[in-house]
Amino acid sequence: MPTLVLKTLREYRRSLIGWTVGICAFAGMYTSFFPQIRANADLYSQAALSKYPDSVRTLLGGLENITSGAGFMQSIIYQLFVPLLFTMCAVALGAKAIAEPEESKTLELTLTLPLDRKRLVLERFAALVVGLLGVAVVSLLVVALVGASVDIGVPFGRILAAHSMVFLLVLFFGTLSLTAGAATGRKAAALGVAGVYAVAGYVVNALAPNVEVMSWLNRLSPFYYYSEGRPLITGFPIGDALVLLAATAVLVMTAVLSFDRRDVGV
Amino acid sequence: MVETEGLTKFYGKRRGLEDLSLEIRAGEVFGYLGPNGAGKTTTIRLLLDVIRPTRGRLRVLGADPRDPGVRGRIGYLPGELALEGRDKAGDYLRFLAGVRGGVAKGRVEQLAERLEADLSVRMGKLSKGNKQKVGLIQAFMHEPELLILDEPTSGLDPLVQQEFLSMVREARTAGRTVLMSSHVLAEVEHVSDRVGIVRSGRLVAVENVAALREKAVRLVELHFDAPVPEDAFRDLPGVRDLKVEGANVRCTIDGRPDALIKAAARFTVVHMVSAEPDLEEIFLTYYSEEGRHAHAGA
């Protein structure tokens, strides 16, 4: 593996471990609650419908069918909380790629190494991919193992499909953070752009079924491509995945080109 | 080794550097002087392609510094060196060495020993002086053809400063070229062949240090065994501010002390005091002259 990728992963190590532990603890714990819900199916589906006002339920993705294995996983694990935590992790790491070391001035020495600037951005991006992939693989195994232990009844292939979509979603947001940082050199810009886009994207996607204007805006929301294909039920949605990947690729190109032409650390 | 022509950098409307034409020759040590904010760091960061010129041309080691290969032949110490994180200094140096294509075995340890740097400390925990040492080690370790050092002595204690200066001398002996900046002439005058003085974003002067020293004004005091006539010392070339008080003569000399010495040789000299030429003072006259010009222009 190229030296800078390894070095970057070493820098990410502690926060990667922290986020992995957090996401896995959350996903594992909630998956393990499934038997209770299944055992009291009537109670919980009623409760879920009546406990929250309509608007909140909409934001939580409808909370339908939470007593079936796939419905439960969709609502509890893949609708909001895991993508949310994982997106926060990705955005934080994306900001560490360029913006944070530029602000702290540690980037300057790296920049004067015999490394092309384009390559510097690409290797930072590669480290982001590897790091997020690590979090994704570990959390996938936790969800799948805990799921199997409580007989959740969703085949591994479907969990893998859903988790792959989470990975692509957060890779997009992490790359957005990296790109905003590469273009501006400001950590606040990296976190702000990616954070605002994630929240707005989520809200638009959640409200789209009920609000007319949102339904075309929704085409700009990564969450639309993330959730539209229902991977837990229908398997890996290749088309949606390609949209997310293509958007990520455009961001990486933007990062490379904008970083290559600007002054660093001024 | 370094060639710039009309090199100009504006940060928005703020002038960082204007119209710098400078040539640094192979094998020389060039002291780059100026007060803080004069444009020294701007120049250096342009030479390393950290920032890009607004106008003008620059060549470093015969190529554009955008070429990564060129940067591999430079040893660079940033003016605002930042070392952070939980990595040990030694690991970081290994990383830098790896990207630069390797460093001779034992070289890092040898430099660390000379500078008394402890490489087993996490970088975030290093003191300012120790960070500077790590910065110097990484700049020197791959024995680059060109060393570009921005304020290299800042934060170093006097003994380590001496060690650093001898490292610079060795680099010159080995035929390498050094560009080092400072805001104090005294820090660089003993190792530099030439100094360039930059002020408010413009190069004010480039001087040969030996010539500068020759031009230097120095204070001389002579004590004789008997009172001496003032006539014997009046109107000697280069002698000014003459004061003869009985057996004591005090004056300042401009350039060579030859005439004064020959005049004094006719009497019996008991004691002689000659202060080191204060290059700092000459250096400051450049500044004040420039200041007057600016004032007259305004």
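Only this structure's heavy atoms are used, side chains among them; waters, hydrogens and symmetry mates stay out. Proteins get letters first, then strands, A, B, ... in listed order; numbering begins at 1 in each.
In the displayed structure, B:R52 atom CZ is contacted under 6.0 Å by more than 12 heavy atoms of other residues, nucleotides or ligands. For NZ of A:K7, the number of neighbouring non-hydrogen atoms (other residues, nucleotides, ligands) closer than 6.0 Å is greater than 12. The environment of CE in A:M253 is sparse: at most 12 heavy-atom neighbours from other residues, nucleotides or ligands sit within 6.0 Å.
In this structure, chain A has heavy atoms under 4.5 Å from both the backbone and the side chain of B:Y76. Neither the backbone nor the side chain of A:R119 comes within contact range of chain B; no heavy atoms are under 4.5 Å apart. Using a 4.5 Å cut-off between heavy atoms, B:R86 contacts chain A through its side chain alone, with no backbone atom that close.
In terms of heavy atoms, B:R71 sits closest to A:T112 at CB-O, 3.4 Å. Heavy atoms only, all atoms of each residue included: A:V264 and B:I51 are closest at O-CG2, 3.9 Å. Closest of all the heavy-atom pairs between B:R45 and A:E108 is NH2-OE1, 3.0 Å. Minimum heavy-atom separation, B:R100 to A:P114: CG-CD, 3.8 Å.
In this structure, the side chains of A:D263 and B:K9 come closer than 4.5 Å at one or more pairs of heavy atoms. Within the 4.5 Å cutoff, side-chain heavy atoms of A:L109 are placed close to those of B:Y92.
When each of B:D49, B:T42, B:D87, B:L81 is checked for heavy-atom pairs under 4.5 Å with chain A, B:D87 comes out on top.
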